[in-house]
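Have a look at the structure below, then the notes.
Sequence positions, counted from 1, serve as the residue numbers for this chain. Keep in mind it's a predicted model, so treat the numbers as computed, not measured.
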Amino acid sequence: EPEATSGQEYIAPRNEIEELVACTFAEVLGVTPVGIEDNFFEMGGHSLRATRVVNKIEVKTGVRLPLKAIFAAPTARLLAKEVEEVRAIAYIPIPHAEEQEVYPMSSAQKRLYLINQLDDVGTAYNMPAGIEIYGSLDMGRMKYALEQLTMRHEALRTSFHLQDGDPVQKIAQEVKLELEYEERIIAKSAEKEEDLLHRFVHPFDLGKAPLMRMKAVKVGEDKTILLLDMHHIISDGMSMDILTQELSKLYNGELLEPLSVQYKDYSEWMRTRDLSEQKQYWQGVFSEPAPVLDLQLDYLRPQM
């Protein structure tokens with residue numbers, strides 16, 4: 001049976017930093033154990049996972065490594081040396097936003113809100129998913145897990161409005177997220193199960209929270225499909241993974257670690273950052289006009 005290993009003989013970490021880096025590799029790659037000479041990329045690492053490693057190391061140590069560091073030092077032993085060399089750089093966490101009735105939308109939220117206002121986009125920015133559950137689904141436990149998830153994440157209680165011409169997000173103290181239930185015994189067919197999802201998805205009103213809906217459809221004696229739909233203005237691919245994992249843990253009675261920040265904290269931090277140095281840099285880059293490309297063409301370039 002194939003094993004996700006680098007082929008290196010396992011060499012245990014020799015100090016705290018090597019152990020931290022090795023554990024971070026293991027956490028991101030889903031591979032254990034990771035020795036200090038095991039190569040991150042030979043074990044299934046790639047640029048996106050490397051970014052996660054860099055971010056996790058920064059949170060754990062306060063050291064911000066450039067992404068190229070992990071390409072130049074792809075083992076725990078080599079990367080630990082890089083961490084030790086730049087450990088003087090302090091990590092500053094995202095601060096908590098002051099409590100307000102409404103908050104300005106983030107730039108990403110503004111884009112999606114504007115698109116929604118300009119045109120009838122229908123379900124173009126819906127994010128549907130179907131989760132297959134085998135065995136007996138306890139509806140009471142699932143409703144409780146859904147209630148806890150909604151209280152945990154402010155994004156699930158957020159609606160979007162224009163206030164005095166300004167696009168704002170409003171976070172409700174609590175919202176009721178209904179869990180629909182239906183029994184529809186169907187033959188074992190991927191197409192027919194896919195039809196359930198298509199019928200379930202319909203447009204959201206961005207002014208009404210929650211911008212998420214869920215439905216349990218029993219399709220067999222021991223099989224239920226949990227249909228989930230969210231609007232992209234409160235979610236993305238990474239968020240969907242986090243939500244489904246947390247929903248599973250809450251359903252199974254597990255306790256989750258409290259969240260250190262909410263989306264509004266990130267949104268306010270992004271909006272109020274000092275970008276003067278970046279502004280100065282890009283003004284220097286574009287101090288000269290951009291050159292016009294003189295490309296050879298097969299035919300005369302048309303006016304339109």
Side-chain angles (χ1 to χ4, degrees), residues 97 99-117 120-131 133 137-163 167-182 196-217 224-252 254 256 258-268:
E99 291 295 327
Q100 303 175 72
E101 184 178 346
V102 297
Y103 303 87
M105 291 186 201
S106 69
S107 57
Q109 290 170 335
K110 285 179 184 177
R111 287 194 293 273
L112 286 167
Y113 186 79
L114 179 62
I115 290 170
N116 194 77
Q117 298 297 306
D120 180 15
V121 296
T123 60
Y125 290 94
N126 286 45
M127 299 183 63
I131 304 169
I133 299 174
L137 176 66
D138 187 323
M139 286 293 290
R141 279 168 58 193
M142 184 57 74
K143 286 179 179 178
Y144 175 77
L146 198 55
E147 180 184 312
Q148 293 298 304
L149 194 69
T150 306
M151 290 304 300
R152 176 175 171 81
H153 293 282
E154 289 180 352
L156 300 181
R157 295 181 271 117
T158 301
S159 55
F160 301 87
H161 313 268
L162 280 178
Q163 184 169 291
V168 297
Q169 51 180 317
K170 186 174 184 178
I171 302 166
Q173 289 298 314
E174 59 179 78
V175 296
K176 186 68 175 176
L177 208 165
E178 298 291 342
L179 175 60
E180 300 178 58
Y181 180 76
E182 179 185 350
L196 294 176
L197 197 59
H198 287 307
R199 283 194 294 269
F200 171 67
V201 174
H202 55 276
F204 286 100
D205 178 352
L206 299 189
K208 295 179 181 178
L211 297 176
M212 170 180 168
R213 60 177 69 97
M214 189 174 286
K215 182 177 183 179
V217 183
T224 302
I225 298 179
L226 200 62
L227 302 176
L228 171 68
D229 190 17
M230 301 177 69
H231 196 281
H232 193 21
I233 200 168
I234 65 162
S235 180
D236 57 17
M238 185 71 76
S239 308
M240 291 286 277
D241 287 343
I242 292 170
L243 289 174
T244 51
Q245 289 172 20
E246 290 189 354
L247 185 66
S248 175
K249 290 178 180 178
L250 290 168
Y251 178 81
N252 289 314
E254 296 182 37
L256 302 178
L259 296 175
S260 57
V261 293
Q262 295 281 348
Y263 188 81
K264 74 170 188 301
D265 301 319
Y266 165 77
S267 177
E268 285 293 281

Determine whether [X] and [Y] make a side-chain contact, defined as any pair of heavy atoms from C-beta on separated by less than 4.5 Å.
X    : Y    : result
R213 : F200 : yes
H161 : V102 : no
K215 : L196 : no
Q109 : R111 : no
I131 : I225 : no
F160 : L112 : no
M240 : M230 : yes
D236 : H232 : yes

Y251 (side chain) donor-acceptor with D138 (main chain) under 3.5 angstrom:
yes
With a 6.0 Å cut-off (strictly less than), is the heavy-atom count around OH of Y181, excluding the residue itself, greater than 12?
yes
Near E254 CD, under 6.0 Å, is it more than 12 heavy atoms from other residues, nucleotides or ligands?
yes
Take R157 and E174 through the test salt bridge (Lys or Arg N to Asp or Glu O under 4.0 Å) and record every step on the way to the result.
CA-CA 7 Å; R157 295 181 271 117; E174 59 179 78; over 6 Å; no
Decide side-chain contact (heavy atoms from CB on, under 4.5 Å) for L146 and M212; before the verdict, give the C-alpha distance in whole Å, the side-chain angles of both, and the deciding distance to 0.1 Å.
CA-CA 11 Å; L146 198 55; M212 170 180 168; 3.9 Å; yes
Go through the steps for M238 and I242 under the test side-chain contact (heavy atoms from CB on, under 4.5 Å), then give the verdict.
CA-CA 6 Å; M238 185 71 76; I242 292 170; 4.3 Å; yes
Residue pair [X] / [Y]: nearest heavy atoms and the distance that separates them:
X    : Y    : value
L247 : L226 : CD2-CD2, 4.1 Å
A209 : V175 : CB-CG1, 4.1 Å
K110 : M105 : CE-O, 3.5 Å
S267 : Q169 : OG-NE2, 3.5 Å

For N126, side-chain hydrogen bond (donor to acceptor under 3.5 Å, both in side chains) partners two or more places apart:
D229
State which residues pass side-chain hydrogen bond (donor to acceptor under 3.5 Å, both in side chains) with H198; sequence neighbours excluded, sorted by chain then number.
none
Please evaluate residues R141 and N252 with respect to the criterion side-chain contact (heavy atoms from CB on, under 4.5 Å), reporting the C-alpha separation (whole Å), side-chain torsions for both, the decisive distance (0.1 Å), and the verdict.
CA-CA 8 Å; R141 279 168 58 193; N252 289 314; 3.8 Å; yes
Which of these, T158, I171, V168, sits in a side chain to side chain contact (heavy atoms under 4.5 Å, CB included) with Y103?
I171
Is there a side-chain contact (heavy atoms from CB on, under 4.5 Å) between Q100 and E268? Walk through the geometry before answering.
CA-CA 11 Å; Q100 303 175 72; E268 285 293 281; 3.8 Å; yes
